[in-house]
S.K.: 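Below is one structure. I have some questions about it.
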Amino acid sequence: NAGVTQTPKFRILKIGQSMTLQCTQDMNHNYMYWYRQDPGMGLKLIYYSVGAGITDKGEVPNGYNVSRSTTEDFPLRLELAAPSQTSVYFCASRLTSAIYNEQFFGPGTRLTVL
Amino acid sequence: KNEVEQSPQNLTAQEGEFITINCSYSVGISALHWLQQHPGGGIVSLFMLSSGKKKHGRLIATINIQEKHSSLHITASHPRDSAVYICAVEEYGNKLVFGAGTILRVKS
């Protein structure tokens with residue numbers, strides 16, 4: 001199993017541009033998450049999904065959109081990129097929310113908005 | 001006040017030392033997670049616990065639900081333990097709230 005994969009690894013955007021961060025997991029996990037990590041801060045939840053067709057906002061959803069058309073894929077869309085969206089983005093997945101099910105993280109996407 | 005507070009923020013230890021990282025939280029939780037973030041950025045789950053104590057190799061995690069406090073211990077520390085250790089609490093539901101992390105450096 002590849003686990004959780006993210007593309008791209010790095011990206012530089014200009015202010016106002018749009019892009020999609022891709023996330024795929026091959027573990028048949030129901031739950032998927034998008035986080036952002038800013039220097040010196042804890043990870044913040046952007047959006048999450050408990051299954052195909054179901055998504056919900058996390059703590060910092062403004063400026064982002066998601067979709068979950070399949071169990072495997074959970075892309076994160078940035079519309080009208082702003083410097084405040086410069087961050088490292090992590091996708092994660094989990095089988096269910098049961099106590100014994102850990103979260104598996106992707107390798108991250110480092111995004112810079114100039 | 002953050003929901004999850006970790007201490008210390010930075011920790012430097014000599015190889016072989018016993019290390020303790022603390023995590024305090026302010027909300028009711030269903031579980032607490034300890035994660036490790038490698039210098040290259042990857043994040044792996046170390047422990048999930050809702051009571052008592054868990055051990056894996058040289059790592060031990062404990063939690064006191066009444067005091068809303070957890071500790072991560074590393075015995076016989078080694079330079080390869082150098083990483084950021086992150087505490088996260090799971091409120092009733094499926095979302096995690098993360099601490100800012102403890103940067104650990106173990107010198108040989």
S.K.: Between A:Tyr35 and chain B, with a heavy-atom cut-off of 4.5 Å, which part of the residue counts as in contact: side chain, backbone, both or neither?
M.R.: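 It is the side chain, since no backbone atom gets that close.
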S.K.: Which answer fits B:Ile86, side chain, backbone, both or neither, if we ask what part of it has an atom under 4.5 Å from a heavy atom of chain A?
M.R.: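 Contact with chain A involves the side chain of B:Ile86 alone.
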S.K.: Would A:Arg94 and B:Glu90 count as a salt bridge (Lys or Arg N to Asp or Glu O under 4.0 Å) if you check the C-alpha gap in whole Å, the side-chain angles of each, and the deciding distance to 0.1 Å?
M.R.: CA-CA 13 Å; A:Arg94 190 178 191 186; B:Glu90 184 166 353; 2.9 Å; yes
S.K.: Can you tell me which portion of A:Val50 sits under 4.5 Å from chain B's heavy atoms? Options are side chain, backbone, both or neither.
M.R.: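 Just the side chain, heavy atoms under 4.5 Å.
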S.K.: Tell me whether the count of non-hydrogen atoms from other residues, nucleotides or ligands lying under 6.0 Å of CD in B:Glu67 goes above 12.
M.R.: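 Result for CD/B:Glu67: open.
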S.K.: Is any side-chain N of the basic residue among A:Lys44 and A:Asp38 closer than 4.0 Å to the acidic one's carboxylate O?
M.R.: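 Salt bridge flag = no for A:Asp38 with A:Lys44.
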S.K.: Please look at A:Gln37 and chain B and tell me whether the side chain, the backbone, both or neither of the residue comes under 4.5 angstrom of a heavy atom of that chain.
M.R.: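 Side chain only.
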S.K.: Does any heavy atom of chain B fall under 4.5 Å from the side chain of A:Leu45, the backbone, both, or neither of them?
M.R.: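 Just the side chain, heavy atoms under 4.5 Å.
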S.K.: Testing B:Ser71, B:Ser70, B:Ser45 for side chain to side chain donor-acceptor pair (under 3.5 Å) with B:Trp34, which one passes?
M.R.: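 Of the listed residues B:Ser71, B:Ser70, B:Ser45, the side chain to side chain donor-acceptor pair (under 3.5 Å) partner of B:Trp34 is B:Ser70.
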S.K.: Quick one: what part of B:Ile103 sits under 4.5 Å from any heavy atom of chain A, side chain, backbone, both or neither?
M.R.: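 No part of it gets close to chain A.
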S.K.: If you take all heavy atoms of A:Gln6 and A:Gly108, which pair is closest and at what distance?
M.R.: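 The pair with the smallest heavy-atom distance is OE1-N, 3.1 Å.
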